[in-house]
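In the text below, chain A, chain B and the rest are named by the order of the sequence lines, each starting its count at 1. Computed from a predicted structure; not experimentally measured.
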There are 4 protein chains.
Amino acid sequence: MARTRDEAARRRVLDSARDLVSRRGPRAVTVDDIAAAAGVGKQTIYRWWPSKAAVIMDALIELTDPARDDLPDTTYEAVRVQMRRVAVMFGSRNGELIRELVADSQGDAALAKDFRERFFGHRRARGAATLERGIASGELRPDLDIDDALDVLYGPLWLRLLIGHRRLGRAGADEVLAVVWPGLQNQPG
Amino acid sequence: MARTRDEAARRRVLDSARDLVSRRGPRAVTVDDIAAAAGVGKQTIYRWWPSKAAVIMDALIELTDPARDDLPDTTYEAVRVQMRRVAVMFGSRNGELIRELVADSQGDAALAKDFRERFFGHRRARGAATLERGIASGELRPDLDIDDALDVLYGPLWLRLLIGHRRLGRAGADEVLAVVWPGLQNQPG
Amino acid sequence: MARTRDEAARRRVLDSARDLVSRRGPRAVTVDDIAAAAGVGKQTIYRWWPSKAAVIMDALIELTDPARDDLPDTTYEAVRVQMRRVAVMFGSRNGELIRELVADSQGDAALAKDFRERFFGHRRARGAATLERGIASGELRPDLDIDDALDVLYGPLWLRLLIGHRRLGRAGADEVLAVVWPGLQNQPG
Amino acid sequence: MARTRDEAARRRVLDSARDLVSRRGPRAVTVDDIAAAAGVGKQTIYRWWPSKAAVIMDALIELTDPARDDLPDTTYEAVRVQMRRVAVMFGSRNGELIRELVADSQGDAALAKDFRERFFGHRRARGAATLERGIASGELRPDLDIDDALDVLYGPLWLRLLIGHRRLGRAGADEVLAVVWPGLQNQPG
DNA sequence: TCTTAATCGAGACGGTACGTCGTGTCTTGAG
DNA sequence: CTCAAGACACGACGTACCGTCTCGATTAAGA
């Protein structure tokens, strides 16, 4: 019976958030900025998102949800392409957003959960699918624990993103894979 | 002519910071809180540390600098013990401090550098030493890149600390090592 | 052709406004409160009243519009009775409503005009009638300016209402009249 | 031992408040405006004043505290001059401030008290002194109640200020005094 | 009797100001 | 010069209330 949520306002908020964040970095954007840029009252933001970080996360998810599935045939190559894409994204402007969201997640359990489920979990599922295919095809060890494998493959990339001790990029992904692969493949000989 | 630094004040600041942070979590502690608890003027804190996070980092380093070197003889066992110690620490109260410091490091380049050099780098050097010993003894591949290996071994643990998608602990360390080891050892056959 | 105004809604709004204001004081009542209590949409309020204060004024006028005309015969006594009624009302719950309306009138010209004409003016006309009768009967000076006299008689009561420096009540009205009367009556000697 | 209140900041706040209010009217001035104009943090305002109205009242008191005592010799003339000054002030820019403060006082007991004691009471004391002198000199009735007399003399002026039903100004003051005087003077004959 | 348009309850909306919080700097008076 | 205390400038926060708007449902007059 009551007025329904204004979808246009939602869009303007997310678009403005994305624009502002990519122009000034997430640290330099305030809720007031987003509201002003979106032509929206601050209350409207707080009505639908619990925090600035939640808005930015929604924007990020829209930005990085291409769901491209054009992967090579062999598992090794497929994993390599997926890792490279992650490494490249981590090294891009979006990497900064992700770092910021992980930072905000420390000490905000709800945001952490949301991040884990909606961003991290979603991408992880895609990595898992590749590994499962690899097991099914016999390219990967049949007793491989998918979660362990994913941690080992992507953990190093996250580490570089968050600590910044080494460069990210295609080469980084390849190095990690080279070290890890022997532990994953079916016939090490 | 000038008065010298009050060492007792430094101690009270670090002790209070540690106490407050471990009692209320790092997010809920302000500089004023630390100053009040330490019976110290805020200026005294800012005279010697650049930010709240720097204080906490000093406290953390004090807490986690045991420098125990009682490692087993074989490289596999030595790495395993080191990884377990890290995983256990990540799962303890100190893990929360570390998460907070990583969070604060995003968007504070000076702190990030400090964290990288004083906490991360220091511990990494110990891990590197173990791997170097393993190469020298022939247990590890002679062409192994130490940095890559360290990222692969410890990245998964950091990932779990910062994302919280899986438990930390001795078992977690062992799982990671089991997957990674084939890529590190000298003669996989 | 069109639907007509819902009289029941009007009643519920005024009743709820009165109830809320007398229970919580006028300052602590919002338009949303009134709408919720009346089971009415906010738009319905704004369709028929220009502001919250206008609603309260309508409620006040309903409350204080007895139009009793049972006044004593002599002008002195009639004025005294009228002043006492005003003083008593000012000291009652309704006094608080009036204070609030005067307050809201500062800085809201339309409300001020409305208040002046519908509440203030209406009651003032009754006071004027009494004085005019007194002039006609020879009890009051024939050259008396009615408006000046009304200001002098009722100004002190309004002052006490709005500044709160002294008590209101029957005795207050009598004191004022005692001081003022010599300036009003026809033959002071 | 601690830093003391910054008197210069206090001055800047009051000056800015006065300037802004006299340029834009009290309704259109916000605490942020005052803080910005004074080059002061909002916190500094809230540290020393409970509300915007309290700031404005302080400024008002400074503005209207001339304490001129150059009054004529006869009591009638002295009262007339004092009333005229009040009427003129009520009709000036400051009148608007006073109206606003009275408005804010309804529903803010602390402010009301402050206004009563510091602004209203202070000026009332001066009026009382004049009447007391008049009693002592025999010009006024020896049994005159000072408070009643003051209410009767000034109540009409306040009424015009706050209701706005009639003009303020020198003439208004004279009219009131003309009506009231017979009730005050010693020998009505 | 069906149409049609204004009404209703509900509540989301844009906007403005609020008062609070935390940071890092500055000032005071004591040692 | 250092210290404890705490006032300061600044900037962002999240809340409150206002008056407008949009929805779907209801209701009464006019076709």
Side-chain angles (χ1 to χ4, degrees), chain A residues 1-10 12-13 27-33 35-36 38-52, chain B residues 1-6 8-9 12 27-33 35-36 38-53, chain C residues 1-10 12 27-33 35-36 38-52, chain D residues 1-10 12 27-33 35-36 38-52:
Chain A
M1 196 192 263
R3 182 175 181 178
T4 55
R5 175 169 187 181
D6 184 341
E7 203 53 36
R10 198 190 83 99
R12 267 158 27 225
V13 168
R27 218 72 174 197
V29 175
T30 69
V31 175
D32 294 72
D33 291 339
V40 143
K42 242 198 305 184
Q43 192 64 252
T44 298
I45 293 182
Y46 284 108
R47 210 190 321 272
W48 302 111
W49 289 275
S51 65
K52 178 182 64 165
Chain B
M1 191 201 274
R3 186 170 171 181
T4 57
R5 175 167 186 183
D6 183 344
R12 292 204 311 275
R27 218 69 175 197
V29 175
T30 69
V31 175
D32 295 72
D33 290 341
V40 143
K42 255 204 295 182
Q43 189 60 264
T44 299
I45 293 181
Y46 283 107
R47 214 191 317 272
W48 304 110
W49 291 273
S51 66
K52 177 182 64 162
Chain C
M1 189 196 277
R3 183 174 176 179
T4 55
R5 175 169 187 182
D6 183 343
E7 200 55 33
R10 198 191 83 97
R12 291 202 313 274
R27 218 68 175 198
V29 175
T30 69
V31 175
D32 294 72
D33 290 340
V40 143
K42 257 203 297 180
Q43 189 61 266
T44 299
I45 293 182
Y46 283 108
R47 214 191 316 273
W48 304 111
W49 290 274
S51 66
K52 176 183 65 162
Chain D
M1 197 191 264
R3 182 174 180 179
T4 54
R5 176 168 189 181
D6 184 342
E7 204 54 35
R10 199 190 84 98
R12 269 163 21 229
R27 217 70 175 199
V29 175
T30 69
V31 175
D32 294 71
D33 291 340
V40 144
K42 241 200 304 186
Q43 193 65 255
T44 297
I45 293 182
Y46 283 108
R47 209 191 319 274
W48 302 111
W49 290 276
S51 64
K52 178 182 63 164

**Q.** Shortest non-hydrogen contact between C/Val29 and C/Lys52, atoms and distance
**A.** O-NZ, 2.9 Å
Q. More 5' along DNA chain E: C/Val40 or A/Gly39, using each one's nearest nucleotide?
A. C/Val40
Q. Rounded to the nearest 0.5 Å, how far does OG of C/Ser51 lie from OH of C/Tyr46?
A. 7.5 Å
Q) Closer to the 5' end of DNA chain F via nearest nucleotide, is it D/Glu7 or A/Thr4? A) D/Glu7
Q: Hey, could you give me the CD/CH2 distance between A/Gln43 and A/Trp48, rounded to the nearest 0.5 Å?
A: 11.5 Å
Q) So which heavy atom on D/Asp33 is nearest to which on D/Ala28, and how close? A) OD2-O, 3.8 Å
Q) What distance do B/Asp6 atom CG and B/Arg12 atom CZ have between them, rounded to the nearest 0.5 Å? A) 6.5 Å
Q.
Output the rounded distance in Å from CZ (A/Arg5) to C1' (F/dG24).
A. 20 Å
**Q.** B/Ile45 versus B/Val40, closest heavy-atom pair with distance
**A.** CG1-CG1, 4.0 Å
Q) Closer than 4.0 Å, any side-chain N/O of B/Arg47 to the OP1 or OP2 of F/dC3? A) yes
Q. Looking only at heavy atoms, what is the nearest atom pair of D/Ala35 and D/Gly41, with distance?
A. CB-C, 4.3 Å
Q: Give the rounded distance in Å between these two atoms: CG of A/Asp6 and C1' of E/dG11.
A: 13 Å
Q. Roughly, in whole Å, what's the span from CZ in D/Arg27 to C1' in E/dA17?
A. 13 Å
Q: Please evaluate the base of F/dA28 for a donor-acceptor partner in the side chain of C/Arg3 within a cut-off of under 3.5 Å?
A: no
Q) Closer than 4.0 Å, any side-chain N/O of A/Arg12 to the OP1 or OP2 of E/dG14? A) yes
(Q) Each nucleotide in nucleotides 11-17 of chain F should get exactly one letter: B, S or -. Can you fill that in based on protein heavy atoms under 4.0 Å? (A) -SSBBBB
Q: Identify, between D/Thr44 and B/Gly41, the residue whose nearest nucleotide on DNA chain F lies closer to the 5' end.
A: B/Gly41
Q.
Can you see if the side chain of D/Trp48 gets near the phosphate of F/dA7 - specifically, an N or O under 4.0 Å from OP1 or OP2?
A. no
Q) For the pair made of CD1 in C/Ile45 and P in E/dC8, what is the distance, rounded to whole Å? A) 11 Å
